Engineer: 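Before I ask anything, here is the structure I am working with.
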Amino acid sequence: MNEVDFLELMNEVDDGILERSERDVLDMKKKTSSVWLRVGALAACICIVAAVGFILMQWPESALTEMIGESETETVTTATFDTTATDDMVDDIEVNVSEGRGYGLSLVQIDKEAPSYNNPYYEREDAEPTRTVTLFGKTRTAKYVETSEWMGSDIKDEYKDALGNTYDFAEDGTFLSYVGSGDTADFRPALYYDKGIAPDINEDEAVALAEKVGREIFGEDFDKVKFESVEYNNFGEYHVQFYQRLGADGTLLGLTCDVTILADGRVYSLHMGNRAAFRELDESKYALVTKADVEAPAKALYGEDADGFLHEDIIEIRKMNGRFILYVMVETRGGGEDIFYEVTDLKSGK
Amino acid sequence: MEDFSIIALYNQRDEKAIEETSLKYGAYLYSIANNILSDVQDSEECVNDTWMKAWNTIPPSRPRSLKLFLARITRNLSIDRYRNSHRLKRGRTVSATLDEISTFVPPRDIDDEIERKELAALLNTFLYSLPPRDSNIFVRRYFFVEEVSVIAEKYGLSESNVFKILSRTRVKLKKYLEKEGYSI
């Protein structure tokens with residue numbers, strides 16, 4: 001059987017399995033489209049709450065307690081985290097701090113399935129309507145499109161210019177990424193790769209160019225990352241990665257910078273991950289994190305079944321739905337498992 | 001128009017069936033074909049051929065899900081066209097997809113219809129055994145041949161998460177097939 005045969009065999013997949021995958025996608029879309037209803041309802045609630053609050057402020061405290069009682073009012077917030085209870089949920093796994101054992105993260109296991117963002121796409125009312133961007137010697141005006149929370153840690157405001165190039169910014173205006181469209185309109189990777197034409201630039205030149213534009217655009221944040229890998233893929237692109245490895249043993253992934261260079265030497269895209277979110281974390285604390293911080297709880301779950309830990313030797317912390325989630329992929333004899341924890345004690349000031 | 005009404009049109013041999021099917025599922029089927037072929041003209045031809053095949057098959061076929069019935073036809077036509085194509089150029093998405101598949105398919109020929117059915121049954125058993133999210137992502141990639149970025153977007157995951165889920169599922173499938181006697 002070859003690869004195309006398998007692709008054909010996939011036609012025999014049960015309707016039930018296919019329908020489930022379609023339903024799953026529709027549920028995600030429904031979650032997105034319900035955002036506007038929530039925004040409208042929230043606006044109405046704020047007016048009512050403000051009016052009631054003003055009235056209540058005139059009443060003595062004891063009378064307020066009698067009226068409202070002990071229950072809390074529910075607030076619509078994007079920081080709400082959707083967790084699913086499982087038989088394997090463990091509360092507050094604590095790793096004791098001892099020499100060589102890492103920082104001692106307080107980890108609360110979330111679930112074995114990847115948590116989903118509550119609001120993957122929406123329009124942020126207070127986003128800047130336009131932003132001026134200067135890249136590669138050209139200055140352009142880009143218009144706000146929408147906000148997304150699903151890619152990496154940083155909440156991203158997406159902007160597009162007249163040529164269709166996409167720019168992402170964090171809420172505070174920090175530049176996060178660029179993906180070319182108009183600038184790279186004649187992008188035909190197949191002309192290079194499939195016809196066996198050698199790229200116009202070699203690997204070293206691609207890395208040098210990636211470093212040049214990375215430094216130019218991301219400034220001192222780029223000085224914090226180091227070259228990690230380069231790959232010339234079958235799309236006719238060089239994909240260059242730079243990582244900031246944090247923690248006492250370098251397993252905690254900090255800033256990430258990905259640059260895609262086309263075979264003809266043009267920059268197709270560049271992105272810096274964790275650029276805004278990590279500013280909320282206390283550097284003196286996460287500098288101490290080591291793989292021991294996650295190995296102990298992972299072993300507690302998988303014990304002898306685990307062949308090893310930390311796929312690719314990386315611990316990832318992502319900000320999702322307002323909380324910091326530590327993501328660990330553990331290699332087990334069954335193939336591999338994901339574990340998701342909420343990390344509560346790395347924030348600044350805590 | 002509801003699917004059962006469209007199917008009724010086919011049964012009545014009313015050519016409006018094609019028009020309604022095209023309106024409802026044309027874009028969907030085109031995206032499936034294009035994911036495999038990465039060519040506008042070829043994809044459009046496969047979708048047009050799908051209408052003809054649907055017309056010639058319903059009746060007697062009575063699809064439970066018209067959408068998936070059509071998707072399978074389009075996939076088959078697209079894969080046949082891909083096989084028969086003499087061009088070197090591989091579609092962007094299917095190229096990467098086929099590279100991934102090469103890491104776990106059993107090398108032996110599956111000519112025997114019975115053996116093929118057996119392998120299909122194993123595949124379904126395997127997919128049902130997975131956590132729903134992992135199974136769904138596997139299906140989006142290898143049935144619908146969607147790009148990882150599209151899958152990531154649909155599920156609110158990062159691309160690296162999707163790659164990891166796919167990688168892990170391929171390893172599990174490989175081990176499962178080996179256990180069932182399809183060594184790699």
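Order of the sequence lines fixes the chain letters, A, B, ..., with proteins taken first and strands second; residue numbering starts at 1 for each chain. Since we're looking at a predicted model, the values are computed, not measured.
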Engineer: Report the distance from atom CZ of R133(B) to atom OG of S21(A), rounding to the nearest 0.5 Å.
Structural biologist: 11.5 Å
Engineer: Need one label for F126(B): side chain, backbone, both or neither, based on atoms under 4.5 Å from any heavy atom in chain A.
Structural biologist: neither
Engineer: Is it true that atom NZ of K53(B) has more than 12 heavy atoms of other residues, nucleotides or ligands lying nearer than 6.0 Å?
Structural biologist: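 No, because the 6.0 Å sphere around NZ of K53(B) holds 12 heavy atoms or fewer from other groups.
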Engineer: Would you give the length of the straight line joining atom CZ of F6(A) to atom CD1 of I79(B), rounded to the nearest 0.5 angstrom?
Structural biologist: 11.0 Å
Engineer: Quick one: do E8(A) and R75(B) make a salt bridge, cutoff under 4.0 Å?
Structural biologist: no
Engineer: How long is the straight-line distance from CG of L7(A) back to OH of Y142(B), given to the nearest 0.5 Å?
Structural biologist: 10.0 Å
Engineer: What distance separates N136(B) CG from E19(A) CD, expressed to the nearest 0.5 Å?
Structural biologist: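 One gets 12.0 Å once the value is rounded to the nearest 0.5 Å.
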Engineer: Flag the pair R72(B) and D15(A) as a salt bridge only when some basic side-chain nitrogen lies within less than 4.0 angstrom of an acidic carboxylate oxygen.
Structural biologist: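 Salt bridge: yes.
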Engineer: Give the minimum heavy-atom separation between G16(A) and R64(B), together with the two atoms involved.
Structural biologist: N-NH2, 4.3 Å
Engineer: For the candidates N124(B), V139(B), L127(B), which exhibits the highest count of non-hydrogen atom pairs separated by less than 4.5 Å from chain A?
Structural biologist: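 Between N124(B), V139(B), L127(B), the count favours N124(B).
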Engineer: Is any side-chain heavy atom of E12(A) less than 4.5 Å from a side-chain heavy atom of K117(B)?
Structural biologist: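 In short, these two side chains do not touch, never coming nearer than 4.5 Å.
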Engineer: Using non-hydrogen atoms and a 4.5 Å limit, figure out which bit of F144(B) sits close to chain A: side chain, backbone, both or neither.
Structural biologist: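 Just the side chain, heavy atoms under 4.5 Å.
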Engineer: Salt bridge between K67(B) and E22(A), side-chain N to carboxylate O under 4.0 Å?
Structural biologist: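 Looking at K67(B) and E22(A), the cut-off is met.
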Engineer: What residues of residues 4-26 of chain B sit under 4.5 Å from chain A when you count only heavy atoms?
Structural biologist: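 Checking residues 4-26 of chain B against chain A gives no residue, so none.
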Engineer: Say you draw a straight line from CG of L119(B) to CG of L9(A); how long is it, rounded to the nearest 0.5 Å?
Structural biologist: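 Output value for this atom pair is 5.0 Å.
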Engineer: Is there a side-chain contact between N11(A) and F143(B), using heavy atoms and a 4.5 Å cut-off?
Structural biologist: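 A side-chain contact under 4.5 Å exists here.
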